[in-house]
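First up is the structure itself, then whatever we jot down about it.
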Number of protein chains: 2
Amino acid sequence: MILEGLPRRTKEYRAGAEIIAEGSRPQESCLILEGFAARAQHLSSGKRQFTAVHVAGDFVDLHGLLLKQMDHGVIALSPCRVAFVPHANLKTVTETNPHLTRMFWLSTVVDGAIQRAWITCLGRRSAIQHLAHLICELYLRLEIVDRAENGKFEFPVTQAEIGDMLGLSNVHVNRMLQELRATGLIRWRGSTVQIDDFEGLSTFAEFDPLYLNLSREPR
Amino acid sequence: MILEGLPRRTKEYRAGAEIIAEGSRPQESCLILEGFAARAQHLSSGKRQFTAVHVAGDFVDLHGLLLKQMDHGVIALSPCRVAFVPHANLKTVTETNPHLTRMFWLSTVVDGAIQRAWITCLGRRSAIQHLAHLICELYLRLEIVDRAENGKFEFPVTQAEIGDMLGLSNVHVNRMLQELRATGLIRWRGSTVQIDDFEGLSTFAEFDPLYLNLSREPR
DNA sequence: CGGTCTATTGACTGGCGTCAAGCACCGTGG
DNA sequence: CCACGGTGCTTGACGCCAGTCAATAGACCG
């Protein structure tokens, strides 16, 4: 994405650090340069749900420009390098550069498509299918930013965090991971995910990459 | 929303009719003038999940302008009157009217916030809390378009369709509805929903209206 | 009056949460 | 060198929430 020319500051975060607080009113939008982050919502019971996972290159809270107050927080899943762009500059873009504005808008719209896929996974897929679906999604998203190849990528998160993505308990994530490994479709040791049969995994998860909008078409 | 001046055609749909097909490449975006619609995704098992519910005044598939191919279908839940605006005209807006463009963008961004709330409901709330949350959301959204007042609104959908919103079976929706009625917080007869204690219902559902972005602030 | 759709109810099953214990790994400090 | 506490992974036992199957009843309609 072409962001040269926009002023920004960058900052580093440790794994687990809060990048943007839930309920805050940020004056900047942030962009992940390196690492993994997640959007999180909390319930009074202490339970937590991730509503999105972000990888290098993602403009994480562009929507904060329009929403004013954050309905969710953003946390670092791994060590992260993050760039911040002031809202004032983004607003100027929306007033002077229709094409770039459309790219920004598209970015939030693709986020929405991913969220819809998550909704369908949560509502109608089994836990193990959901897990497989997440792996397929991450692989394709990481591949286009050169963080994955030959079926392999790094994903340094705990099983409890995967649970927060899938809406499962850490115990059940562990069970589903073992079951999925037993199919021979993937291996997952430490933070390294190795997909041995992407076709098979896609079929198993009923994964259709259409929604990720990876094809190149004029906008 | 100010849409005067944009060309459009309007069309009527019966309950259950498909307004936009999953996988299609529409050349227009649609706007619900009257009635209820839902975005739906289908699995091979025949299961269906709604990823959003739309009410009068909602610009349902504005994102279709940017996504080109639909990752979901749009169906009428009740009889609907729908307006269609050609993408060509919307594209012109994005090139000539920054303020209106920002309003369009905001509309898709609020959709995204609602989807995040759905994700958290699906992942971490109990079925009955989720149901209560949906009722709170619908009430506030309908109130601002004058389709709800004094805790009462019309919602002409079947229990199976509610199941497709909540990711539940029709049988379990029935059980949860009875349980929720038994609390005295709501009544629901036929297609009429009566909230007798919105405060209580909000608390029960842990509903926070922040995400609906109802407050009026300059954009 | 039968036919279709929806709501309701009961019985049974199973997926997933919860609780708890036991490991494995790692960095710290004695 | 080993003791240690912390964190994350793994496993088992148990219970409950929600799915499935099936039957009945009611509502609406031609």
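These numbers were taken from a predicted model, which means no experiment stands behind them. Each chain gets a letter, A, B and so on, in the order its sequence line appears, and its residues count up from 1.
- A:Arg189 CZ: 12 or fewer foreign heavy atoms inside a 6.0 Å radius.
- To the nearest angstrom, P of D:dT10 lies 10 Å from CD1 of A:Ile162.
- Rounded to an integer number of Å, the gap from A:Leu77 CG to D:dG8 C1' is 15 Å.
- Of the charged side-chain nitrogens involved, none lies within less than 4.0 Å of a carboxylate oxygen, so that B:Arg175 and B:Glu179 do not count as a salt-bridged pair.
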Short heteroatom pairs, N/O only, protein and nucleotides 15-20 of chain D, under 3.5 Å:
from, atom 1, to, atom 2, distance (Å)
D:dA18, OP1, B:Ala127, N, 3.1
D:dA18, OP2, B:His172, NE2, 3.1
D:dA18, O5', B:His172, NE2, 3.2
D:dG19, OP1, B:Gly167, O, 3.4
D:dG19, OP1, B:Ser169, N, 3.4
D:dG19, OP2, B:Ser169, N, 3.2
D:dG19, OP2, B:Ser169, OG, 3.0
D:dG19, N7, B:Arg175, NH2, 3.0

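- Listed for the A:His87 side chain is a donor-acceptor partner under 3.5 Å among the backbone atoms of A:Glu28.
- A cation-pi arrangement is absent between A:Arg147 and A:Phe153, since the terminal nitrogen or guanidinium carbon is not both under 6.0 Å from the aromatic centre and inside a 45° cone about the axis.
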For nucleotides 5-7 of chain C, print each protein N/O atom paired with a nucleotide N/O atom at under 3.5 Å, atom names and distance only.
from, atom 1, to, atom 2, distance (Å)
C:dA7, OP2, B:Gln159, N, 2.9

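- Of the possible polar contacts, one joining the A:Ser78 side chain to the A:Phe36 backbone as a donor-acceptor pair under 3.5 Å is found.
- Note: CG (A:Leu122) to P (C:dG17) measures 11 Å, nearest angstrom.
- By the side-chain hydrogen bond (donor to acceptor under 3.5 Å, both in side chains) test, B:Arg81 pairs with no residue at all, sequence neighbours left out.
- Remark: the backbone N or O of A:Ala40 is not paired with any side-chain donor or acceptor of A:Arg48 at under 3.5 angstrom.
- Separating the CH2 atom of A:Trp188 from the P atom of D:dC9 is a distance of 10 Å, rounded to the nearest angstrom.
- Of the listed residues (A:Asp111, A:Asp61, A:Asp58), just one forms a salt bridge (charged side-chain N to carboxylate O under 4.0 Å, His left out) with A:Arg39, and that residue is A:Asp111.
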